Amino acid sequence: MMAMPMVGRAPAVEELRRAWSRVRDRREPVPVVVTGAAGTGKSTLVAAFLRAAGEAPALAGTARVHSPAPYDWLAAALAGRDTSGLGLPPDALAWLEQDPDVPRERYTPDALLRIAVAAVRALVGDSPAVLVVEDLHALDPASLNLVAELATTDLPALLVVTSQPAEAAVSPQLTERTLARLGGRPGAVRRHLSGLLPAEVGQILRQMYGSEQPDVAEAVWRRTAGNPYRLSELLAVEGPQILSASRVELTAREREVLGLLAEGMANKQIATALGISVRTVTVHVSNLLRKTGVSSRTEAALWALRGDHRAGWRDNPRAARSQSSA
């Protein structure tokens, strides 16, 4: 599958490269906070920066998807590493690595936080390093406290944090405070990623398929709301045929009829629902079949249910309710 080109994020990549230069040249800590809704390309941006900088993160980790546990980020960062030479209590390190057989009663939360910071210091050393914290919004409170603490140290590190907005977090208030602490540090870099613009979607289509048609780019943008992840999924499924499929233009009435077809209604039922004649419904159905390139009303309904926002059929609230209850 052809990789989707990265469009509209070059200034953000360059900003991260400049921040890394500050860390490398001046040996000063720099937090980088990249926020955005799901699918806006936060992880892709970080990966592009690491490639451009020719660097691998000294430590990287993320949250567990379904059940956050204390020190998830550090446990992920320590996975597979030899920690025997760090000069820290082995039982505490084992607990931070989430060894289920190690009790924690011996250490207070403050003591564990100090040991966690010391572990990161020992692993990074004195050389400039990149630390990557993915999905801050999904992290446990202990990890949030650790990340905030790392931002206040003199560790010569670029601390790159990605997060959805705090309201989507496991611990919304603590996440909001952590993001504020990170972004409030002197020299911190803050970058919020929004969806792509129609022109940027058009640039991607042009690079991948050679299309320079604004109407196609606009239609694809409407189907994905400019979300890079949804766009990549759409392109992976439809490929070059999206250039012709996205040109389908339906009238408002045709969209209504299509929505009711998707509910499984017969022509007579559609006529009653819309207050028009059965003959008029028949004409609309015939136009739908011609415009969508399908051969039956069943195929037209399936065409709509595939999620084809190109038709705008979801503007019909009856169809939207039918699909959401399916």
Side-chain angles (χ1 to χ4, degrees), residues 23 29-35 38 42-43 46-47 50 55-164 166 168-179 181-182 185:
V23 175
V30 178
V32 173
V33 180
V34 181
T35 56
K42 299 179 293 295
S43 296
V46 174
L50 292 172
E55 293 293 331
L59 291 175
T62 188
R64 286 196 274 186
V65 176
H66 300 297
S67 54
Y71 289 103
D72 266 341
W73 177 78
L74 186 57
L78 293 178
R81 293 176 179 267
D82 180 10
T83 59
S84 60
L86 298 183
L88 297 170
D91 54 344
L93 280 173
W95 193 87
L96 292 171
E97 292 174 304
Q98 299 180 342
D99 184 334
D101 299 323
V102 177
R104 64 166 292 183
E105 286 77 9
R106 180 178 172 183
Y107 298 95
T108 65
D110 286 344
L112 284 170
L113 178 59
R114 289 194 296 272
I115 294 171
V117 172
V120 173
R121 281 185 171 278
L123 287 168
V124 171
D126 297 326
S127 300
V130 179
L131 308 182
V132 177
V133 181
E134 293 270 16
D135 296 332
L136 182 86
H137 62 277
L139 285 175
D140 59 282
S143 291
L144 293 175
N145 288 331
L146 171 59
V147 173
E149 192 68 21
L150 291 174
T152 66
T153 68
D154 58 356
L155 199 67
L158 186 72
L159 179 59
V160 183
V161 175
T162 70
S163 181
Q164 291 183 29
V170 173
S171 304
Q173 292 183 337
L174 184 55
T175 299
E176 186 173 12
R177 288 199 298 270
T178 303
L179 289 172
R181 288 182 65 183
L182 293 169
R185 297 296 299 170

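Excluded from the calculations below are hydrogen atoms, water molecules and symmetry mates; all remaining heavy atoms, backbone and side chain alike, are included. All of these numbers come straight from a predicted model, not from anything done at the bench.
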Chemist: Taking the side chain as every heavy atom from C-beta outward, state whether Leu131 and Leu155 have any pair of such atoms under 4.5 Å apart.
Modeler: yes
Chemist: Contact between Arg181 and Thr152 at the side-chain level, heavy atoms closer than 4.5 Å - yes or no?
Modeler: yes
Chemist: Within the structure provided, determine whether Leu78 and Leu123 are in side-chain contact (heavy-atom separation under 4.5 Å).
Modeler: yes
Chemist: Okay, side chain of His137, backbone of Ala168: is any donor-acceptor separation there less than 3.5 Å?
Modeler: no
Chemist: State whether the number of non-hydrogen atoms from other residues, nucleotides or ligands found under 6.0 Å of Glu176 atom CD is greater than 12.
Modeler: no
Chemist: Would you kindly say whether Thr108 and Asp110 are connected by a side-chain donor-acceptor distance under 3.5 Å?
Modeler: no
Chemist: Which value, rounded to the nearest 0.5 Å, describes the distance between Leu96 atom CG and Thr83 atom OG1?
Modeler: 9.5 Å
Chemist: Which pair of heavy atoms, one from Ala92 and one from Ile115, lies closest together, and at what distance?
Modeler: CB-CD1, 3.6 Å
Chemist: For a 4.5 angstrom cut-off between non-hydrogen side-chain atoms, does Val133 reach Leu139?
Modeler: yes
Chemist: Working to the nearest 0.5 Å, report the span between CG of Leu136 and CD of Gln164.
Modeler: 11.0 Å
Chemist: Hey, could you give me the CG/OG1 distance between Leu144 and Thr178, rounded to the nearest 0.5 Å?
Modeler: 4.5 Å
Chemist: With side chains defined as the heavy atoms from C-beta onward, is the minimum distance between Leu50 and Pro57 less than 4.5 Å?
Modeler: yes
Chemist: Would you check if the side chain of Thr162 reaches a backbone N or O of Asp135 as a donor-acceptor pair within less than 3.5 Å?
Modeler: yes
Chemist: Quick one, Asp91 and Asp99 - any side-chain contact, counting heavy atoms below 4.5 Å?
Modeler: no
Chemist: Donor-acceptor check, side chain of Trp73 to backbone of Ala142, threshold 3.5 angstrom: yes or no?
Modeler: no
Chemist: Measure the spacing between CD of Gln173 and OG1 of Thr175 and express it to the nearest 0.5 Å.
Modeler: 10.0 Å
Chemist: Check whether any side-chain heavy atom of Asp154 lies under 4.5 Å from a side-chain heavy atom of Arg121, and answer yes or no.
Modeler: yes
Chemist: Mark yes or no for whether Arg185, through its side chain, and Pro31, through its backbone, hold a donor-acceptor pair below 3.5 Å.
Modeler: no
Chemist: So do the side chains of Asp140 and Val170 get within less than 4.5 Å of each other, counting heavy atoms only?
Modeler: no
Chemist: Please give me the minimum heavy-atom distance between Leu93 and Ala119, naming the atom from each residue.
Modeler: CD2-CB, 4.0 Å
Chemist: Under the 3.5 angstrom rule, does the side chain of Gln98 hit a backbone N or O of Pro70 as a donor-acceptor pair?
Modeler: yes
Chemist: Specify the closest pair of heavy atoms between Lys42 and Val34, including all atoms of both residues, with the distance to one decimal.
Modeler: CD-O, 3.7 Å
Chemist: Taking all heavy atoms of Leu146 and all of Leu113, pick out the closest pair and write down the distance.
Modeler: CA-CD1, 3.7 Å
